[in-house]
Undergrad: 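I'd like to ask some things about the structure below.
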Number of protein chains: 4
Amino acid sequence: MDLKLNPSSSVPIYAQVVSQVRALVASRALRAGDQLPSIRDLAASLRINRNTAAKAYEALESDGVIEMRQGHGCYVTGRGVTPWSKEERLRRLERAIDQALVEAYHLGVPFEEIPGLVRRRLERFKKEESA
Amino acid sequence: MDLKLNPSSSVPIYAQVVSQVRALVASRALRAGDQLPSIRDLAASLRINRNTAAKAYEALESDGVIEMRQGHGCYVTGRGVTPWSKEERLRRLERAIDQALVEAYHLGVPFEEIPGLVRRRLERFKKEESA
Amino acid sequence: MDLKLNPSSSVPIYAQVVSQVRALVASRALRAGDQLPSIRDLAASLRINRNTAAKAYEALESDGVIEMRQGHGCYVTGRGVTPWSKEERLRRLERAIDQALVEAYHLGVPFEEIPGLVRRRLERFKKEESA
Amino acid sequence: MDLKLNPSSSVPIYAQVVSQVRALVASRALRAGDQLPSIRDLAASLRINRNTAAKAYEALESDGVIEMRQGHGCYVTGRGVTPWSKEERLRRLERAIDQALVEAYHLGVPFEEIPGLVRRRLERFKKEESA
DNA sequence: GTGGTCTAGACCACG
DNA sequence: GTGGTCTAGACCACG
């Protein structure tokens, strides 16, 4: 699991780990049941403190992305036992989409180009998935 | 300018102001040349610290979203003053789109539904724009 | 003896075994003199580590819930072998009751509903007992 | 806010803080909007590490019992925006009640005494509430 | 070996 | 002043 950390980013290190693991799971590079490196190993390979690695894993666990088992290790959870209602889930997704649209506006990317771009990124995700 | 701030969110208040002003501009509720309230007035109306309001405006200015003219006030700038190259801008947008896709995966929303959703949000943006 | 263990719970497995055996005894599904599976058998049937099973039995024994007779096996003891004084016992029970009341408050269950609920659970216990 | 910690208990210090604050809120010794001591002050008064105090407050926040505000402090939340369904809430409460009943059995307290005891503890809660 | 807790202490971000 | 992050390092509980 090779994550790329930016220690000078304003995004905390543990949050960078969280979002990259979430992305790996979403792109199916990590799948349900897969074992993650232990907290110790992760900390060593990223050269961060054990507590920082533990904080990232804790956040991922309370997110429902991974499970940590006593004395065993950390495993990717099965997908989607999210405790949220259908409406709440839609609301959250719309918020993420709107953020991308706002970003597009301010970057000067015409709205007409968005659907094509989204389709391209989706294809890339699916390709990784079937790989 | 009525922004909805959540003081108990983990997102800093100044960042909430920034992202909501950016959204207002993107949805054309605020347009190039429009005047924003002064730092002092914004702080008063939102009942936030003046330093917080100032910090938000600074961030918006260095983002190229607003301009502060000494003794005149704050104005929404024209679009496309972003300091980034075409490639950098595409990279940033793809990152925002990917974040929405990762969110969709973890929320259990099937990828097939994404393009439709994006189109719907785009329509809403355009409607607000023409209003 | 079919116990339902949750390996991803934050409650240690041995403690899950202990509390479920205590519940079985309290509901009279297990009665004084009944023989429990050996440590080896329990570990095999629950597919847990033998040390874990042994630790659970040790805790149950020092609690006075079971007795382990060298070379004979494990047996449920008679009731009321608790080593505590009348006052201490009352204090412990009140603590358990208070915990339920605190839980009720935070779950938003009105206090008026508590006595009815307690009565219902008591009936269920007695029914299992007479079964 | 005087909490009594037992450093030699097997219950982690932060968890002791959590459960005692929950009890204070449930007994209305702390009410919605009340400010809690800052992490620094709590740590100093309990003579524990700031990180340990912070961990307790974080847990209380993710439980919905308190809110922490940037640069302001910690406040008791309004009651009961628990994200759980009515059924889940009942299930959790029943579990807590059952634990008290199991405890009663093993302590040799006759089931007949339970309803009276529960009523007494409820009265004590309500008295504190109106005080 | 694995995760969990705790401390001491530094530095930063926020308002 | 308040909370948030991070490190180094110790010791413990679990399986």
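All chains are named by letter (A, B, ...) in the order of the sequence lines, taking the proteins before the strands, and each is independently numbered beginning at 1.
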Undergrad: At their closest point, which heavy atom of B:Leu107 faces which heavy atom of A:Arg89, and how far apart are they?
TA: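 Heavy-atom minimum between the residues: O-NE, 3.0 Å.
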Undergrad: Under 4.0 angstrom, heavy atoms only, what part of the nucleic acid is A:Ile48 near: base, sugar-phosphate, or nothing?
TA: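 Touches sugar-phosphate only.
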Undergrad: Identify, with sequence neighbours excluded, every residue that meets salt bridge (Lys or Arg N to Asp or Glu O under 4.0 Å) alongside D:Glu88.
TA: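 In terms of salt bridge (Lys or Arg N to Asp or Glu O under 4.0 Å), with neighbours along the sequence ignored, D:Glu88 is linked to D:Arg91, D:Arg92.
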Undergrad: Identify, with sequence neighbours excluded, every residue that meets side-chain contact (heavy atoms from CB on, under 4.5 Å) alongside D:Ala26.
TA: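 If we apply the side-chain contact (heavy atoms from CB on, under 4.5 Å) test to D:Ala26, skipping adjacent residues, the hits are C:Val102, C:Tyr105, C:His106, D:Phe125.
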Undergrad: With salt bridge (Lys or Arg N to Asp or Glu O under 4.0 Å) as the rule and sequence neighbours excluded, what pairs involving residues 35-55 of chain C come up?
TA: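 Of all non-adjacent pairs touching residues 35-55 of chain C, none passes salt bridge (Lys or Arg N to Asp or Glu O under 4.0 Å).
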Undergrad: Please report, rounded to the nearest Å, how far the C1' atom of E:dT5 is from the CG atom of D:Leu46.
TA: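 Interatomic distance, CG of D:Leu46 to C1' of E:dT5: 16 Å.
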Undergrad: Return one dot-bracket line describing DNA chain E 5' to 3' (Watson-Crick or G-U wobble pairs, both distances under 3.5 Å; ( ) same strand, [ ] crossing, | another strand, . none).
TA: ||||||||||||||.
Undergrad: Could you pull out all residues at least two apart from C:Ser10 that satisfy side chain to side chain donor-acceptor pair (under 3.5 Å)?
TA: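 Testing C:Ser10 for side chain to side chain donor-acceptor pair (under 3.5 Å), a comparison that skips the adjacent residues, returns none.
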Undergrad: So does D:Asn51 reach the base of E:dG9 with its side chain, donor to acceptor, closer than 3.5 Å?
TA: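 A donor-acceptor contact between them is present.
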Undergrad: Rounded to the Å, how far apart are A:Glu67 CD and E:dG3 P?
TA: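 Distance check: A:Glu67 CD to E:dG3 P gives 14 Å.
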Undergrad: Please examine the side chains of C:Met1 and C:Pro37, heavy atoms only from C-beta on, and report whether any two atoms are closer than 4.5 Å.
TA: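 When only atoms from C-beta onward are counted, C:Met1 and C:Pro37 do touch, with a gap below 4.5 Å.
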Undergrad: If you check every side-chain atom of A:Ser38, which of F:dG3, E:dT2, E:dG15 has the closest atom?
TA: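 Among the listed nucleotides, the one closest to the side chain of A:Ser38 is E:dT2.
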Undergrad: Between D:Glu58 (CD) and F:dG4 (P), how many Å, whole number?
TA: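 Spelled out: CD on D:Glu58 to P on F:dG4 is 6 Å.
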Undergrad: Please name all residues satisfying side chain to side chain donor-acceptor pair (under 3.5 Å) with C:Arg22, sequence neighbours left out, ordered by chain then number.
TA: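 Listed in chain order: C:Asp63, D:Glu103.
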Undergrad: Just to verify, what does A:Asp2 make a side chain to side chain donor-acceptor pair (under 3.5 Å) with, not counting sequence neighbours?
TA: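 Listed in chain order: nothing, the list is empty.
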Undergrad: How long is the line joining CD1 of D:Ile66 and C1' of F:dG3, in whole Å?
TA: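 To the nearest whole Å, that distance equals 11 Å.
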Undergrad: Take the protein atom OH of D:Tyr57 and the nucleotide atom P of F:dG3, then report the distance between them rounded to whole Å.
TA: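 Rounded to whole Å, this separation is 8 Å.
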Undergrad: State which residues pass side-chain contact (heavy atoms from CB on, under 4.5 Å) with D:Thr52; sequence neighbours excluded, sorted by chain then number.
TA: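 Residues passing side-chain contact (heavy atoms from CB on, under 4.5 Å) with D:Thr52: D:Ile13, D:Tyr14, D:Ile48, D:Asn49.
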Undergrad: Atom CG of B:Leu5 and atom C1' of E:dG15: how far apart are they, to the nearest Å?
TA: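 Rounded to whole Å, this separation is 13 Å.
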Undergrad: Taking only nitrogen or oxygen atoms into account, show me every contact under 3.5 Å that the protein makes with nucleotides 11-14 of chain F, one pair per line with its distance.
TA:
| residue | atom | partner | partner atom | Å |
| --- | --- | --- | --- | --- |
| F:dC14 | OP2 | C:Lys55 | NZ | 2.8 |

Undergrad: Hey, which of these two, D:Pro37 or A:Ala15, hits DNA chain F nearer its 5' end, going by closest nucleotide?
TA: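 Result of the comparison: D:Pro37.
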Undergrad: Nearest whole Å is fine: how far is E:dA8 P from D:Asn49 CG?
TA: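 The answer, rounded to whole Å, is 6 Å.
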Undergrad: Within this structure, what is the CD-to-P distance between A:Gln16 and F:dT5, rounded to whole angstrom?
TA: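 Checked: the CD to P distance equals 12 Å.
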